[in-house]
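Read through the structure below, which is laid out as structure tokens, and then see the notes.
Letters A, B, ... are given to chains in the order of the sequence lines, protein chains preceding strands, and every chain is numbered from 1. Below, each value reflects all heavy atoms present in this structure, side chains not excepted, and no hydrogens, waters or symmetry copies. All of these numbers come straight from a predicted model, not from anything done at the bench.
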Number of protein chains: 2
Amino acid sequence: MSSKRALTDRESALPALAEAFREHGFEGATLAALSKATGLGKGSLYNFFPGGKEEMMEAVLENVDGWFVNTIFLPLEHVVDPAAAITAMFDDVTAYFRSGRRVCIVGSLGLNSAGEAFSVRVKEYFVRWISALAHCLEVGGAPPALALDLSEEAVSGIQGAIVLARALGDDTSFQRIVRRLQSTLLDAISRSG
Amino acid sequence: MSSKRALTDRESALPALAEAFREHGFEGATLAALSKATGLGKGSLYNFFPGGKEEMMEAVLENVDGWFVNTIFLPLEHVVDPAAAITAMFDDVTAYFRSGRRVCIVGSLGLNSAGEAFSVRVKEYFVRWISALAHCLEVGGAPPALALDLSEEAVSGIQGAIVLARALGDDTSFQRIVRRLQSTLLDAISRSG
DNA sequence: GTCTATAGATCGATAGAC
DNA sequence: GTCTATCGATCTATAGAC
């Protein structure tokens, strides 16, 4: 699969960078930690990301956003079977966030002032997720106003489930909360679709 | 109300410290920022908190916990009118978190590794909130298992609403989500109480 | 393109004048 | 008890050898 042309190793460092940012936060992720996480020296990191930590985080966010667009948003936006799409979304999200052990890097950025530099991207991520899910519910027959309310509740609820699961150190709370959210959404489309 | 005895000014610095920790996070809240927020020099801060930042955060958490115990947990634990208690809880919480503009310092601590030093207190906060709310719902006639599930959902949902409102820069999303949570709880007790 | 060495700034924390 | 001055450590970022 590897081509001879271009595509430096910058891309392959992103998952490790993302994990370090998730675990330590933007301010807490020192270059020493990022170097250790990627196995690259500081010199190599600055070779790939001349803009330093901020450029690293930008690249990580773009990478994460790409995953969500392809795996979560697009399937919802081009849905043909709403119930199946919703079930798939919760399965994918549960796996992605490791049942809440893994922090949502986008959500956590919005919580403190260090993330203000990325506020546009943070906002767009949630806006698109909510509207994509609302569209899916509408296709399933839910009234537009209800679809938007329930989508907001579900996306918000997933973020809360991550916070709670991390605080309690308990995956099962994440799974219970997410399962209830899923049931609420499926009810809304089976009731009207 | 001010007594001549003891009670240094340590206590009065806590609200400003709390706001600085909320806005910048634990790592992001530098001593310069904490000094500016409180109006105290570093020397004074270390006079009140010999243990430095960690002791400041401990004191802030104890202070926050005290507020929640008195205002939120105890009324739920000694409830006589469940519906009124639930309504009061959501009113108080909405005001406290400024409709989601204000970060929950306890929840945010659980999200990254810097908060591990406070993990016991973080966990106990959420455990007590959930169990206090569940007790209230049981008094209202909800079956114990349902009461626990709904309490978990509500406490988690409030955290998610903060994350979403901050990300979107939109108070109204917090209010919509919290209103739905409140309705769900009130339904559960009116249905069975 | 990788590393080590290091600059310059800022960090948490301390010392000491008042 | 308050401040200013300053310590050593650590931070981000750069320079330069290989």
Side-chain angles (χ1 to χ4, degrees), chain A residues 2-61 105 108-109 112-118, chain B residues 2-61 105 108-109 112-118:
Chain A
S2 61
S3 157
K4 239 184 277 182
R5 302 180 68 256
L7 193 61
T8 69
D9 244 355
R10 181 185 145 118
E11 202 77 10
S12 69
L14 293 181
L17 289 176
E19 278 307 312
F21 280 129
R22 267 186 273 262
E23 190 54 25
H24 303 291
F26 182 67
E27 313 234 25
T30 66
L31 276 164
L34 298 171
S35 177
K36 184 177 180 181
T38 56
L40 295 168
K42 295 184 197 175
S44 300
L45 284 175
Y46 274 94
N47 179 47
F48 292 138
F49 307 95
K53 270 175 74 171
E54 192 157 321
E55 187 173 344
M56 296 181 210
M57 179 60 98
E58 279 289 359
V60 163
L61 285 180
I105 197 171
S108 76
L109 268 179
N112 54 40
S113 58
E116 281 171 10
F118 315 100
Chain B
S2 62
S3 158
K4 238 184 280 182
R5 300 182 70 256
L7 194 61
T8 70
D9 244 354
R10 180 185 147 118
E11 202 75 10
S12 68
L14 294 181
L17 289 176
E19 278 307 311
F21 280 129
R22 267 186 272 263
E23 190 54 26
H24 300 109
F26 183 68
E27 313 234 23
T30 66
L31 275 165
L34 297 171
S35 177
K36 185 176 180 181
T38 56
L40 296 168
K42 295 184 197 177
S44 300
L45 284 175
Y46 275 93
N47 180 47
F48 292 138
F49 308 94
K53 272 176 73 170
E54 193 158 321
E55 186 173 344
M56 296 182 208
M57 179 59 98
E58 280 288 359
V60 163
L61 285 179
I105 198 170
S108 78
L109 267 180
N112 54 41
S113 57
E116 280 170 11
F118 314 100

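The shortest non-hydrogen separation linking A:L34 to A:A20 is CD2-CB, 3.6 Å.
A straight line from CG of B:L45 to P of C:dC11 spans 14 Å, rounded to a whole angstrom. Taking atom CD of residue A:E27 and atom P of nucleotide C:dG12, one finds them 10 Å apart after rounding to whole Å. Put simply, CZ on B:F49 is 16 Å from C1' on C:dG12, counting in whole angstrom units. Remark: C1' of D:dT12 and CZ of A:F48 are 19 Å apart, rounded to the nearest angstrom. One can place CG of A:L34 at 12 Å from C1' of D:dC11, the figure rounded to the nearest angstrom.
For residues 41-57 of chain A, the pairs satisfying salt bridge (Lys or Arg N to Asp or Glu O under 4.0 Å) are A:R10-A:E55, with sequence neighbours left out.
When the side chain to side chain contact (heavy atoms under 4.5 Å, CB included) test is applied to A:S113, the partners found at least two apart in sequence or on another chain are A:E116, B:E23, B:H24. For the ring pair (Phe, Tyr, Trp, His ring centres under 6.0 Å) test, residues two or more places apart in sequence or in another chain that qualify with B:F26 are B:F21, B:F118. The side chain to side chain contact (heavy atoms under 4.5 Å, CB included) search around B:S35 returns B:L45, not counting sequence neighbours.
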Next item on the list: Quick one, give me the B/S/- string for nucleotides 13-18 of chain C, reading 5' to 3', where B means a protein heavy atom under 4.0 Å from the base and S means that only happens at the primed atoms, P, OP1 or OP2.
Entry: BB----
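Phosphate proximity of C:dT2 to A:S44: present, with a side-chain N or O under 4.0 Å from OP1 or OP2.
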